[in-house]
K.L.:
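Can you read through this structure? Questions will come right after.
No experiment lies behind these values; they were computed from the predicted model shown. Computed from heavy atoms alone, side chains included, the values below leave out hydrogens, waters and symmetry copies. Each chain gets a letter, A, B and so on, in the order its sequence line appears, and its residues count up from 1.
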There are 2 protein chains.
Amino acid sequence: MKITALEEYGLRCLVQLARHHSEDRPVAISEIAKAEGLSIQYVGKIMHELRRAGLINSLRGIHGGFVLAKAPQEISIADIFETMGGETPEHVCSKFSGNQTQCVHLGGCSIRSVWSFVMGQVSSVLKRISLADLIASESSCSSKLNEQHTQFETNKLPVYPAATEGAAK
Amino acid sequence: MKITALEEYGLRCLVQLARHHSEDRPVAISEIAKAEGLSIQYVGKIMHELRRAGLINSLRGIHGGFVLAKAPQEISIADIFETMGGETPEHVCSKFSGNQTQCVHLGGCSIRSVWSFVMGQVSSVLKRISLADLIASESSCSSKLNEQHTQFETNKLPVYPAATEGAAK
DNA sequence: AATAATCTTGACATCAAAGTCAGGTTTACC
DNA sequence: GGTAAACCTGACTTTGATGTCAAGATTATT
């Protein structure tokens, strides 16, 4: 399973907007491109996608730029992934149909069940993490709470709600 | 997040081998290709990858073919995914470094923590599902236990151990 | 030993994702 | 109203994943 470029960069561009969300001014493509080490043209394309999906609003003209369409608490990573080309288990089946027009296993496929389950797990984790969470963990990580650092290293994210609940329910 | 062709087809080819694992004969590429609706050449390439990784053994010559290198209970989907191009969070960071040689966020990146966490979740789910589990759920689904069918539809996999434990522990 | 069925291997072709380019439109400021 | 800073859009190029081709090596059967 691979994370796509649009997912990764889309998220990173949105984090940039979220950081400046309290200030009352739009953020320009050139700023984001510089902060993320991306070309201006490419960031332009990414922001266009995010705008089409309604996650951000744009302001044209000089002093223009982009702002989040909702508060950082209300935008989850799952929202972003869906926007930037998210797939359902059905997509997987139609994508991997080999040299047939339909997958040969359409009647009773145990693999499809696994994909459904795994994707559901991923989605339930990503739904619980908002842009606000990401920014909060940045500051707590780099400044004050350094005893949490070891936990980060061992792949636990103490800041986010336990991913376990969603799976158990 | 996308499932790659090698992951999907690699798993499906291994399921074919697992089905014939009790019989004591190798399975030929041509059989697998027919069963999965893939070209013979492509299956050849996939099997070659799986053999290089040590998941299967090959027998050349007439009456040749492939057999699992281990029992179906001992091969997990996680094993297959790692073989067919699995990625670590570090891979993601080096892949998405934009126009720099290194990612601009290497010091204290909250997104990397998220990828670590999500990938850990996925991995813990996939480690718990073996080829034997997949075959068992096939037969129970298509023949006897049809009351489980509704549960499958709602993305629950009653046959597999709860994915929850790994996350909680 | 000849043959046919099989795996092995590396080069090649195709396609979709990733990323760039160029020309256009909008808006604030002077 | 001219100009510069910004977004908008579609066409283009590049790159890596996907899938095919063709020639070779191995082995059971006759």
Side-chain angles (χ1 to χ4, degrees), chain A residues 1-13 17 25-34 36-53 56-67 69 81 83-87 91-92 94-100, chain B residues 1-10 12-13 17 25-34 36-53 55-67 69 81 83-87 91-92 94-100:
Chain A
M1 290 186 90
K2 296 199 166 145
I3 293 169
T4 67
L6 285 180
E7 286 166 343
E8 164 89 14
Y9 293 139
L11 173 57
R12 275 161 60 172
C13 290
L17 292 194
R25 69 175 178 96
V27 183
I29 286 178
S30 56
E31 282 183 78
I32 299 172
K34 194 177 172 192
E36 293 296 337
L38 299 171
S39 77
I40 288 181
Q41 293 93 350
Y42 193 24
V43 172
K45 190 174 199 168
I46 293 164
M47 301 309 278
H48 178 60
E49 286 292 312
L50 292 169
R51 192 181 69 88
R52 276 204 319 144
I56 60 180
N57 294 321
S58 64
L59 290 109
R60 297 176 71 156
I62 200 169
H63 300 166
F66 296 89
V67 291
F81 271 37
T83 295
M84 301 314 257
E87 288 190 334
H91 284 126
V92 177
S94 60
K95 201 163 107 188
F96 298 126
S97 60
N99 52 24
Q100 314 288 310
Chain B
M1 288 186 88
K2 295 201 166 144
I3 293 169
T4 68
L6 285 180
E7 286 166 345
E8 164 89 14
Y9 293 139
R12 275 161 58 172
C13 291
L17 292 194
R25 69 173 178 96
V27 183
I29 287 179
S30 57
E31 282 182 77
I32 299 171
K34 193 176 173 194
E36 293 295 338
L38 300 171
S39 78
I40 288 181
Q41 294 92 351
Y42 193 23
V43 173
K45 189 173 201 169
I46 293 164
M47 301 311 276
H48 178 60
E49 288 289 314
L50 292 169
R51 192 182 69 89
R52 277 204 318 144
L55 290 177
I56 61 179
N57 295 320
S58 65
L59 290 108
R60 298 175 71 157
I62 199 167
H63 299 167
F66 296 89
V67 291
F81 271 38
T83 295
M84 303 314 258
E87 289 190 334
H91 284 126
V92 177
S94 60
K95 202 164 105 186
F96 297 127
S97 60
N99 50 24
Q100 314 287 310

K.L.:
Could you write nucleotides 22-30 of chain D as a row of B, S and -, 5' to 3', where a protein heavy atom under 4.0 Å of any base atom gives B, of only sugar-phosphate atoms gives S, and otherwise -?
P.N.:
--BBBBBS-

K.L.:
Identify which nucleotide among D/dC8, C/dC7, C/dT20 has an atom closest to any side-chain atom of A/Ser39, counting heavy atoms from C-beta outward.
P.N.:
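The nucleotide sitting nearest to the side chain is C/dT20.
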
K.L.:
Roughly how many Å is it from CD in B/Glu49 to P in C/dG10, rounded to a whole number?
P.N.:
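My rounded result for the distance is 12 Å.
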
K.L.:
What's the separation between atom CD1 in A/Ile29 and atom OG in A/Ser39, rounded to the nearest 0.5 Å?
P.N.:
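A/Ile29 atom CD1 to A/Ser39 atom OG measures 10.0 Å (nearest 0.5 Å).
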
K.L.:
Can you tell me how far P of D/dG19 sits from NE2 of B/His48, to the nearest Å?
P.N.:
17 Å

K.L.:
Using 0.5 Å steps for rounding, measure from the CG atom of A/Asn99 to the CG atom of B/Leu38.
P.N.:
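That separation rounds to 6.0 Å.
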
K.L.:
Please report, rounded to the nearest Å, how far the P atom of D/dA17 is from the CE atom of B/Met84.
P.N.:
13 Å

K.L.:
With heavy atoms under 4.0 Å as the rule, sort B/Leu38 into base, sugar-phosphate or nothing.
P.N.:
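Touches nothing.
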
K.L.:
For the helix from C/dA1-D/dT30 to C/dC30-D/dG1, what angle separates the axis at the start from the axis at the finish, each from five pairs, in steps of 10°?
P.N.:
0°

K.L.:
Which whole-number value in Å describes the distance from A/Glu31 CD to D/dA5 P?
P.N.:
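Nearest whole value for this atom pair: 14 Å.
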
K.L.:
Which heavy-atom pair separates B/Cys13 from B/Met47 by the least distance, and what is that distance?
P.N.:
CB-SD, 3.8 Å

K.L.:
What are the two closest non-hydrogen atoms of B/Pro26 and B/His63, and how far apart are they?
P.N.:
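Taking every non-hydrogen atom into account, CG-O, 3.4 Å.
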
K.L.:
Under the ring-ring contact (aromatic ring centres under 6.0 Å, His included) test, which residues partner B/Phe96, sequence neighbours left out?
P.N.:
A/Tyr9

K.L.:
Can you work out whether B/Leu59 or B/Lys95 has the more 5'-proximal nearest nucleotide on DNA chain C?
P.N.:
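Result: B/Leu59.
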
K.L.:
Please list, for nucleotides 15-18 of chain C, all pairs of protein and nucleotide N/O atoms separated by less than 3.5 Å.
P.N.:
{"from": "C/dA18", "atom 1": "OP1", "to": "A/Ala5", "atom 2": "N", "distance (Å)": "2.9"}

K.L.:
Could you state the atom-to-atom distance from CD of B/Glu87 to C1' of D/dG16 in whole Å?
P.N.:
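About 12 Å, once rounded to whole Å.
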
K.L.:
Any side-chain N or O of B/Arg51 less than 4.0 Å from the OP1 or OP2 oxygen of C/dT8?
P.N.:
yes

K.L.:
Of the options D/dC7, D/dC8, C/dC7, whose atoms approach the side-chain atoms of A/Ala28 most closely?
P.N.:
D/dC7

K.L.:
Look at A/Ser58 and D/dC8 and indicate whether a side-chain polar atom (N or O) is within less than 4.0 Å of OP1 or OP2.
P.N.:
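Checking A/Ser58 against D/dC8: at least one side-chain N or O falls below 4.0 Å of OP1 or OP2.
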
K.L.:
Distance check needed: D/dT18 C1' versus B/Ile40 CD1, whole Å only.
P.N.:
18 Å

K.L.:
Using whole Å, report how far CZ of A/Arg25 lies from C1' of D/dC7.
P.N.:
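It is 16 Å, rounded to the nearest whole Å.
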
K.L.:
Once side chain to side chain donor-acceptor pair (under 3.5 Å) is applied, do any residues pair with A/Gln100, and if so which ones, sequence neighbours excluded?
P.N.:
none

K.L.:
Run A/Ile46 and A/Leu6 through side chain to side chain contact (heavy atoms under 4.5 Å, CB included) and show every step you take.
P.N.:
CA-CA 7 Å; A/Ile46 293 164; A/Leu6 285 180; 4.1 Å; yes

K.L.:
I'd like to know if the side chain of A/Glu8 and the backbone of A/Ala5 have a donor-acceptor N/O pair within less than 3.5 Å.
P.N.:
no

K.L.:
Is it true that B/Glu7 and A/Lys95 make a salt bridge, defined as a side-chain N closer than 4.0 Å to a carboxylate O?
P.N.:
no

K.L.:
Within the structure provided, determine whether B/Leu17 and B/Ile32 are in side-chain contact (heavy-atom separation under 4.5 Å).
P.N.:
yes

K.L.:
Touch check for A/Gly44, heavy atoms < 4.0 angstrom, all strands: base, sugar-phosphate only, or nothing?
P.N.:
nothing

K.L.:
List for me each residue that meets side chain to side chain donor-acceptor pair (under 3.5 Å) alongside A/His48, sequence neighbours excluded, and say none if there are none.
P.N.:
none

K.L.:
Charged N to carboxylate O under 4.0 angstrom, B/Arg52 versus B/Glu49?
P.N.:
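Here B/Arg52 pairs with B/Glu49 in a salt bridge, since their nearest N and O are under 4.0 Å apart.
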
K.L.:
What's the CD1-P distance between A/Ile29 and D/dC7, to the nearest Å?
P.N.:
4 Å

